Amino acid sequence: METCPDCRQIKDIALNDHRFELIDIGEHVHNLKQFLALRDNNAAFDDAKRNGWVGIPCFVLENGEILFEMDELPIEGSACRLNGKGC
């Protein structure tokens, strides 16, 4: 999301990296709905919700695992598509 400082930093790093698909949830209501469905139905976001955080940036790996820190990514085989189907 463009107004999120952490997201802007991730975008600068991942923009030209083919291993990532960047999805801005503020760009279109469809993207926001996809994200909210993921967030509302996945335990990985429990801590974020409990603390009043949005839960972005987040990384959805091909295996469905959700991570919140870029340095936790197993860069090979990672994906950043909300539906978890990979790049």
Side-chain angles (χ1 to χ4, degrees):
M1 183 172 235
E2 192 62 37
T3 56
C4 168
D6 294 329
C7 295
R8 285 195 313 263
Q9 183 180 17
I10 297 297
K11 183 178 179 181
D12 291 342
I13 295 168
L15 186 62
N16 294 311
D17 189 328
H18 72 279
R19 297 172 293 186
F20 298 92
E21 177 185 358
L22 297 173
I23 299 171
D24 184 339
I25 63 172
E27 188 175 271
H28 194 280
V29 70
H30 174 75
N31 296 346
L32 179 59
K33 285 181 177 182
Q34 273 192 299
F35 172 74
L36 290 175
L38 177 69
R39 182 182 186 268
D40 291 349
N41 296 295
N42 192 299
F45 291 91
D46 287 352
D47 189 49
K49 291 187 288 186
R50 194 170 26 260
N51 288 292
W53 306 327
V54 175
I56 58 173
C58 73
F59 303 91
V60 181
L61 306 184
E62 288 180 356
N63 67 5
E65 182 180 5
I66 296 173
L67 301 173
F68 298 96
E69 300 292 334
M70 192 163 195
D71 62 353
E72 295 176 345
L73 292 176
I75 294 297
E76 290 185 7
S78 64
C80 198
R81 181 171 286 180
L82 285 176
N83 65 11
K85 293 185 179 175
C87 296

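As the structure is a prediction and not an experimental result, all values here were calculated from the model.
A salt bridge (charged side-chain N to carboxylate O under 4.0 Å, His left out) with K11 holds for exactly one of E21, E2, E27; it is E2.
We find the CD1-NE2 distance between I23 and H28 to be 13.0 Å, quoted to the nearest 0.5 Å. To the nearest 0.5 Å, atom NZ of residue K49 and atom CG of residue N42 are 8.5 Å apart. To the nearest 0.5 Å, atoms CZ (F59) and CD (E65) are separated by 12.5 Å. Expressed to the nearest 0.5 Å, how far CD1 of I56 lies from SG of C7 amounts to 4.0 Å.
No more than 12 heavy atoms of other residues, nucleotides or ligands shown are found within 6.0 angstrom of NZ on K33.
Contact of the F35 side chain with the V54 side chain is registered, since non-hydrogen atoms from C-beta on lie closer than 4.5 Å. L22 has its side chain within reach of L15: a pair of non-hydrogen atoms, C-beta onward, lies under 4.5 Å apart. Within the 4.5 Å cutoff, the side chain of F20 has no heavy atoms near those of the I10 side chain. No side-chain heavy atom of F68 sits less than 4.5 Å from a side-chain heavy atom of D47.
Residues I13 and L73 are members of one and the same hydrophobic cluster, defined by side-chain heavy-atom contacts under 4.5 angstrom among Ile, Leu, Val, Met, Phe, Trp and Tyr. Cluster membership for L36 and V60, using ILVMFWY side-chain heavy atoms within less than 4.5 angstrom, is shared.
Put simply, the side chain of D17 gets close to the backbone of R19: a donor and an acceptor are under 3.5 Å apart. Although no hydrogens or angles enter the test, the distance criterion places a donor-acceptor pair under 3.5 Å between the side chain of N31 and the main chain of D24.
Nearest heavy-atom pair across E72 and L67 is O-CD1, 3.6 Å. Minimum heavy-atom separation, G26 to M1: CA-CE, 3.7 Å. A pairwise comparison of heavy atoms in P57 and C4 identifies CD-SG, 4.4 Å as the closest pair.
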